[in-house]
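A short write-up of the structure that comes next.
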Protein chains: 2
Amino acid sequence: MPDKEMITVLEAPTREEAAEAVKSALSRRRILMMVGNCWVNYQGRARSILNPGERILIIKEDGSVLVHRPRGYEPVNWQPPGCIFHSGLEGDVLFIKAVRRKPREVLQVFFDKIYFLAAMSLLDKGEFSLHASEEEMQKAIMNQPSLIEDGLRIIAYEKKVEPGFVDVYGVDRDGRLVVIEIKRRTAGKEAVLQLSRYVDSLRGEHGRKVRGILVAPKIARQA
Amino acid sequence: MPDKEMITVLEAPTREEAAEAVKSALSRRRILMMVGNCWVNYQGRARSILNPGERILIIKEDGSVLVHRPRGYEPVNWQPPGCIFHSGLEGDVLFIKAVRRKPREVLQVFFDKIYFLAAMSLLDKGEFSLHASEEEMQKAIMNQPSLIEDGLRIIAYEKKVEPGFVDVYGVDRDGRLVVIEIKRRTAGKEAVLQLSRYVDSLRGEHGRKVRGILVAPKIARQA
DNA sequence: GCCTAGGTCCCGTCA
DNA sequence: TGACGGGGCCTAGGC
């Protein structure tokens, strides 16, 4: 199944072999994975220096770059998609330079030992679906307002008002306007402030009673 | 340089070989990299399903998990450090289950084709230094307040006030309190609101003139 | 443990 | 194009 065209693996390549493979992979927009001893410079929105150590480098076909240390969820250095690459040998060192414009950012990775290198073209058309987002909760409320309160009628959703957005907008059984702000997780004072701004702006606009409801699994101690 | 102990590579392993290598790598807390055809389920703070496709799986020695598609900076599925793993063969499918407690989250990856697999122990003691952060800007201002204004004396930094934090806190040449909010990049209305809340709270507390200064490379059109 | 704020956040959306 | 807010955000620092 992994045919030569699809995936190329080099174990302990020389720097020359690696340099060749890197150039080929980058020019053909193949995915590149490398493991070895490297150091990294970054300059752009900030500046960083990573001293030598053993890491994993991944360059994807869209020109994104990841440098991963042996621990941690996040890459220690990276570049978002759209980079342009330069690579080659500088003495005994294999360098890869990833340049992003807008904003201008340059990432440089230098390898003096390469333990492993793989270049590949992966086919991935699989659909990805994520559930239980704020949007899903909003739909549920739209479909069944009684989840919040009996007699509640939904008028609009994501209706724009002065300071920003309202998630759901309705009228309760006593004819008062109701503004519902949905937070999928613990709501902090940010959310409370946001909602109170909505309510104030609507109260000023309509001159009648307005209620704000915050829908969240939990609320911090600023209730 | 890559000795057998340090890195093990299997090209196109059988599922049985792969299952064995995965179990061994996970139990010995080695880093695992796999490329192949897989699908992924996640359930925890949200829920997600990723249909079959060719991807890269990385499990690090601290128990973090990354599933990367051929494009994009971000992993499509992941698990933060600290996971506990279960793996094995279920019929023709190799599964890896990563469980996190607190919050309870489960990630399951299923492979039906494995193109290659690498298990390794990487040594990375390299220091990482990042410059030009908000912290760095604060230090610069602390050391040389005249950067902001002549006659400015710094009193405190990150002093707590009612609504949250103040970055730097001082007195200007006319004896007025000065609150300095530092943003490393373009400041939006968020930052302005934050600062005005600081100023209000201090004004109420001290009953005297308070000035707010927003330090940022650019400010959005809400100045 | 919860809560808060920053991030080279990234990313989508919309004016 | 910039501005704004969400994210399974993650991560570090207080309390």
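Here the structure is a predicted model, which is why all the values come from computation and not from measurement. So that the names make sense, note that chain A is the first sequence line, chain B the second, and so on, each numbered from 1.
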(message) With a 4.0 Å cut-off on N to O distance, would you call B:E149 and B:R211 a salt bridge?
(response)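 Salt bridge between B:E149 and B:R211, a charged N being under 4.0 Å from a carboxylate O: yes.
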(message) Quick test of your reading of the model: are A:R30 and A:E61 salt-bridged, counting only N-O distances below 4.0 Å?
(response)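 Salt bridge between A:R30 and A:E61, a charged N being under 4.0 Å from a carboxylate O: no.
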Whole angstroms only, please: what is the [atom1]-[atom2] distance between [X] and [N]?
X	N	atom1	atom2	answer
A:L130	C:dG12	CG	C1'	14 Å
A:E74	D:dT11	CD	P	5 Å
B:L50	D:dG8	CG	P	14 Å
B:E181	C:dT4	CD	P	16 Å
B:R185	C:dA5	CZ	C1'	12 Å
B:L107	D:dG8	CG	P	13 Å
A:N77	C:dT8	CG	P	10 Å

Can you tell me how far [atom1] in [N] sits from the matching atom in [M], rounded to whole Å?
N	M	atom1	result
D:dG8	D:dC4	P	23 Å
C:dG6	C:dC10	C1'	14 Å
C:dT8	C:dT4	P	22 Å

Please tell me if [X] has a side-chain N or O lying less than 4.0 Å from either OP1 or OP2 of [N].
X	N	answer
A:K102	C:dT8	no
B:R45	D:dC9	yes
B:K183	C:dG6	yes
B:W78	D:dC9	no

(message) Let me spell it out: for each of A:F128 and B:P81, pick the nucleotide of DNA chain D with the closest heavy atom. Which residue's pick is nearer the 5' end?
(response)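 Whichever sits nearer the 5' end wins; that is A:F128.
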[X] near the nucleic acid: base, sugar-phosphate alone, or nothing, with a heavy-atom cut-off under 4.0 Å?
X	value
A:Q43	nothing
A:V76	base
B:P80	base
B:Y73	sugar-phosphate

(message) Within this structure, what is the SG-CG distance for the pair A:C38 and A:L57, rounded to the nearest 0.5 Å?
(response) 7.0 Å
(message) Looking only at the side chains, is there a donor atom on one of A:S48 and A:N41 sitting less than 3.5 Å from an acceptor on the other?
(response) no
(request) Tell me, yes or no, whether the heavy-atom count around B:R47 atom CZ, taken from other residues, nucleotides or ligands under 6.0 Å, exceeds 12. (result)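 No, the 6.0 Å shell around CZ holds no more than 12 heavy atoms from other groups.
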(message) Contact list please: residues 59-72 of chain A against DNA chain C, heavy atoms, distance less than 4.0 Å, in numerical order.
(response) none
(message) With a 3.5 Å limit on both atom pairs, tell me what D:dG8 is paired to, counting Watson-Crick and G-U wobble, or say none.
(response) none
(request) Assess the pair B:Y42 and A:F128: is the distance between their ring centroids shorter than 6.0 Å? (result) no
(request) Compare every heavy atom of A:A98 with every heavy atom of A:Q79, then report the nearest pair and how far apart it is. (result) NE2-O, 3.1 Å
(message) On a heavy-atom basis, which atom in B:G88 and which in B:L94 lie closest, and how many Å separate them?
(response) O-CD1, 3.3 Å
